[in-house]
Amino acid sequence: MIETIKAFFLLGGFDYSNISYCVELLAAILLYFVYIRKRKHFGIRLLAGSLLLLICSIWLYPAMRNSSTLVSFCWFPLVYLLIAGICYLSYAVTWKDALYGATCGYLTQHFTSSLFILILFEGKAPEWNGLFYPVLYVLIYALFFIIFSKRLTDNGIFGTSKVNVLTLTLITLTVSAVLSSLTKVFADFAELSSDSTAYIVLFRICQVYDMLICLFLLILQMVLKRELRAQKRYEMNRNIWEQRRQQYELTRENIDLMNRKCHDLKHQIAAFSDKNVPAERRDSFLREMEDMVEIYDTHTQTGNEALDTILQEKGLFCKMHHIQWNCIADGEILQFMDVVDIYTLLGNAIDNAIEAVEQLKEPEKKMISVRILQKNHFAVIQIENPYEGSVSMQEGKIRTTKSDKDYHGFGIKSMRHIAEKYNGSLSVKTDNGMFLLYAVLPVEGEAMRRGEMS
């Protein structure tokens with residue numbers, strides 16, 4: 001069967017080795033994208049990219065191989081970048097994550113290739129040796145998939161930093177280039193022939209070293225990912241603690257206000273009951289009592305108890321501080337969300353809006369609009385408020401002027417993390433003095449929230 005496949009390729013005018021590297025690398029890279037969310041028309045995108053890769057293997061690679069050594073070597077990083085581009089167009093990832101997944105796949109392919117060469121090298125590059133070649137690659141790829149693939153993703157994304165991606169990519173490509181030429185340099189220096197025992201031993205030592213570096217880099221990524229998860233848990237706990245502290249302060253302030261209002265109300269009722277008080281004065285007392293009662297008329301029934309609580313708390317705070325509060329919410333569409341996530345997402349968003357409008361000098365501009373509704377199969381959360389000054393945006397994120405930049409920055413990151421946890425997205429934008437926070441979350445069931453959508 002192996003010979004039949006080889007004969008099929010040779011009939012086409014090219015050796016099967018022309019495409020073997022592309023197939024190896026594509027398969028290795030796709031292993032790390034199994035748990036990554038897919039773009040619309042994923043199958044068509046991936047098929048088109050694979051056909052482009054095949055065309056390059058058939059016509060471009062032979063031309064580059066017959067050119068200078070430098071041009072021939074450029075084929076390997078070219079294939080790496082081409083497959084990274086295919087992943088970017090096929091999966092719902094940024095260029096950063098596309099390069100990260102491609103690099104992890106490159107390390108897997110390089111490890112397996114080095115192992116194959118290590119076992120069969122006898123002074124020249126080993127060829128497709130029966131079933132050993134596909135069996136070895138399938139076994140090693142399956143092992144790396146089990147060990148690394150799932151552990152490097154979170155909620156359908158890699159979520160790594162730019163520094164980590166660039167460092168890992170540069171180290172991988174540099175080490176690959178250095179080790180690929182190291183044996184030849186030593187062999188030329190020592191005047192060793194390619195079929196000599198010393199050359200074969202030296203070459204195998206370089207392959208072992210190459211394998212160890214690939215394995216080390218992948219293990220390092222797994223360790224870094226574990227540390228990143230621990231850091232996110234710490235930041236989340238810190239954020240929850242900060243929210244509870246703010247909630248305590250708000251509750252205490254509300255209780256103090258209620259005590260003062262109740263004390264004033266008692267005197268107002270006594271004065272209103274005094275028949276000797278003029279009618280005009282009694283009408284004034286009545287209007288004041290109505291204003292006092294209106295402050296507490298913020299009860300909201302959305303169909304979601306957690307959402308009712310947070311909207312009532314924030315609405316009461318706004319009325320106490322003379323901020324116009326407009327709220328239209330269908331809480332039933334957020335039943336799929338965890339209570340803590342609702343508090344964190346809405347609490348952070350409304351707190352940021354309150355902070356912005358409190359800085360406004362004109363009282364009539366102090367207003368916050370909250371809308372929570374369903375559009376098609378998505379829950380849409382929209383919070384809008386005016387602001388003064390300028391808001392600096394960088395990569396869709398707010399550049400804050402708070403003194404505690406780390407904590408405030410995490411408020412935005414926390415909200416975006418929660419949206420991505422449910423396979424949604426969160427965006428912020430400004431327009432004519434208005435600030436808009438917009439979150440979209442799919443509500444079609446558990447399958448979508450696990451990222452199993454195409």
Short side-chain to backbone donor-acceptor contact, Asp431 and Met434, under 3.5 Å: no

Set of side-chain contact (heavy atoms from CB on, under 4.5 Å) partners for Phe216, sequence neighbours left out: Leu220

Any donor-acceptor N or O pair under 3.5 Å, side chains Asn326, Ser369: no

Side-chain heavy atoms of Trp325 within contact of Ile350, under 4.5 Å: yes

Plane angle bin for Tyr387 and Phe435 - parallel if under 30°, tilted between 30 and 60°, otherwise perpendicular: perpendicular

Any donor-acceptor N/O pair, His110 side chain to Tyr106 backbone, under 3.5 Å: no

Close side-chain approach of Leu346 to Ile372, heavy-atom, < 4.5 Å: yes

Pairing residues for Tyr91 by the ring-ring contact (aromatic ring centres under 6.0 Å, His included) criterion, not counting sequence neighbours: Phe33, Phe42

Criterion side chain to side chain donor-acceptor pair (under 3.5 Å) on Tyr343 and Glu313, from CA distance to verdict: CA-CA 11 Å; Tyr343 268 87; Glu313 291 174 350; 4.9 Å; no

Salt bridge (Lys or Arg N to Asp or Glu O under 4.0 Å) partners for Glu362, two or more places apart: Lys365

Derivation of the side-chain contact (heavy atoms from CB on, under 4.5 Å) call for Thr112 and Phe116: CA-CA 6 Å; Thr112 312; Phe116 178 73; 5.7 Å; no

Heavy-atom check, side chain of Asp338 versus side chain of Tyr422, under 4.5 Å: yes

Side chain to side chain, Tyr21 and Leu26, heavy atoms closer than 4.5 Å: no

Distance in Å, Ile36 CD1 paired with Asp97 CG, rounded so as to fall on 0.5 Å steps: 6.5 Å

Ring-face cation contact, Tyr88 with Arg39, 6.0 Å cut, 45° max: yes

With sequence neighbours excluded, residues passing side-chain contact (heavy atoms from CB on, under 4.5 Å) with Asn164: Tyr100, Thr160, Ser161, Gln221, Leu224

Whether Thr103 side chain and Leu168 backbone form a donor-acceptor pair below 3.5 Å: no

Over all atoms of both residues, closest heavy-atom pair of Cys87 and Val93: O-CG2, 4.0 Å

Cationic N near anionic O, under 4.0 Å, Lys421 to Asp154: no

Donor-acceptor pair between Glu384 and Tyr438 side chains, under 3.5 angstrom: no

Under 3.5 Å donor-acceptor, Asp308 side chain and Thr302 backbone: yes

CD (Gln335) with more than 12 external heavy atoms under 6.0 Å: yes

N/O donor-acceptor pair under 3.5 Å between Arg371 side chain and Ile328 backbone: no

Closest heavy-atom pair and its distance - Leu152, Lys225: O-CE, 3.4 Å

Exercise: identify the closest heavy-atom pair between Ala349 and Ile383: CB-CD1, 3.3 Å

Heavy-atom donor-acceptor pair, Asn376 side chain to Phe378 backbone, under 3.5 Å: no

Approximate separation, where rounding is to 0.5 Å, of Ile333 CD1 and Asn304 CG: 9.5 Å

Straight-line distance of Cys318 SG to Glu358 CD, nearest 0.5 Å: 8.5 Å

Set of residues satisfying side-chain contact (heavy atoms from CB on, under 4.5 Å) with respect to Ser113, sequence neighbours excluded: Gln109, Ile117, Tyr137

Sub-4.5 Å side-chain heavy-atom contact between Lys366 and Asn385: no

side-chain hydrogen bond (donor to acceptor under 3.5 Å, both in side chains) against Thr108, all qualifying residues, sequence neighbours excluded: Tyr32

Inter-residue atom distance Tyr133.OH - Ser20.OG, 0.5 Å rounding: 4.5 Å

Short side-chain to backbone donor-acceptor contact, Tyr35 and Arg151, under 3.5 Å: no

